[in-house]
A.B. asks: 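Following this message is one structure expressed as structure tokens.
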Amino acid sequence: MDTSVRSARRRRSWPEAVKREIVAASLVPGASVSVVARQYDVNANQVFAWRKLYGAVAEAPPGPRLVPVTVTPDAPIAPPPRLLAGMIEIALPGGYCVRVGCGVTASALRRVLDALERR
């Protein structure tokens, strides 16, 4: 090779930001290094060398990914206790609940409620 031709050839200098951009483009899933190299008019071997230098740093943060999911049936919800016909339920403060059937006299109910009120 003639020295005049050799001196006319100069090595291209790539800014680091552009190198990182090229490496990031080559790391995109499904990307071809040779296609990316052609898009930026650079040798594919040079892109591989830059990937060694900047590969871990140039990777973009991962986008949305699929995660495994297991679908299970909901736990059965216990139905509220069925009240018998003629029965009433009285919810009292303090978490007390009194169920009164049709056979309870008013005076017996009054004694129960008074006892609960004194607690």
Side-chain angles (χ1 to χ4, degrees):
M1 217 179 201
D2 189 5
T3 56
S4 62
V5 173
R6 206 177 305 145
S7 62
R9 269 192 180 168
R10 292 184 12 204
R11 298 181 96 183
R12 286 174 78 176
S13 176
W14 294 88
E16 184 176 339
V18 174
K19 292 177 189 178
R20 289 180 185 275
E21 178 183 328
I22 294 170
V23 169
S26 74
L27 293 173
V28 170
S32 165
V33 172
S34 62
V35 170
V36 170
R38 275 184 257 137
Q39 289 172 342
Y40 286 91
D41 192 28
V42 64
N43 188 301
N45 291 331
Q46 184 65 64
V47 175
F48 282 113
W50 290 340
R51 283 174 70 155
K52 287 180 184 176
L53 282 174
Y54 306 112
V57 179
E59 288 187 51
R65 295 188 180 213
L66 298 177
V67 294
V69 175
T70 304
V71 179
T72 58
D74 290 337
I77 299 172
R82 291 177 40 173
L83 297 177
L84 299 174
M87 181 174 278
I88 61 170
E89 183 175 290
I90 304 168
L92 300 168
Y96 294 107
C97 179
V98 177
R99 291 190 183 108
V100 182
C102 60
V104 175
T105 64
S107 62
L109 179 57
R110 179 79 265 160
R111 284 192 307 265
V112 170
L113 294 176
D114 288 343
L116 290 173
E117 188 177 36
R118 284 182 283 220
R119 285 187 168 218

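Everything numeric here is computed off the predicted structure, so don't read it as measured data. Position 1 is the first residue of the sequence, and the numbers go up from there. Note: hydrogens, waters and symmetry copies are ignored here, and every other heavy atom, side chains too, is used.
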A.B. asks: Considering non-hydrogen atoms only, spot the tightest contact between Val42 and Trp14 and give its length.
C.D. replies: CB-CZ2, 3.9 Å
A.B. asks: When hydrophobic residues are tied together by side-chain contacts of less than 4.5 Å, even through go-betweens, does Val18 share a cluster with Leu53?
C.D. replies: yes
A.B. asks: Mind listing the closest non-hydrogen atom pair of Val23 and Arg51 along with its distance?
C.D. replies: CG2-N, 3.8 Å
A.B. asks: Side-chain heavy atoms under 4.5 angstrom apart, residues restricted to Ile, Leu, Val, Met, Phe, Trp, Tyr: same cluster for Val112 and Val104?
C.D. replies: yes
A.B. asks: Are Val47 and Val28 grouped together when hydrophobic residues (ILVMFWY) are joined by side-chain heavy atoms under 4.5 angstrom apart?
C.D. replies: no
A.B. asks: To check you understand the geometry: which heavy-atom pair defines the closest contact between Ala44 and Ser34, and what is its length?
C.D. replies: CB-CA, 4.3 Å
A.B. asks: Measuring from atom CG of Leu27 to atom CD1 of Ile22, what distance do you get when rounded to the nearest 0.5 angstrom?
C.D. replies: 12.0 Å
A.B. asks: Starting at OH of Tyr40, measure out to NZ of Lys19 and round the result to the nearest 0.5 Å.
C.D. replies: 14.5 Å
A.B. asks: Nearest heavy-atom pair of Val36 and Ala31: which atoms, and what distance?
C.D. replies: CG2-CB, 4.4 Å
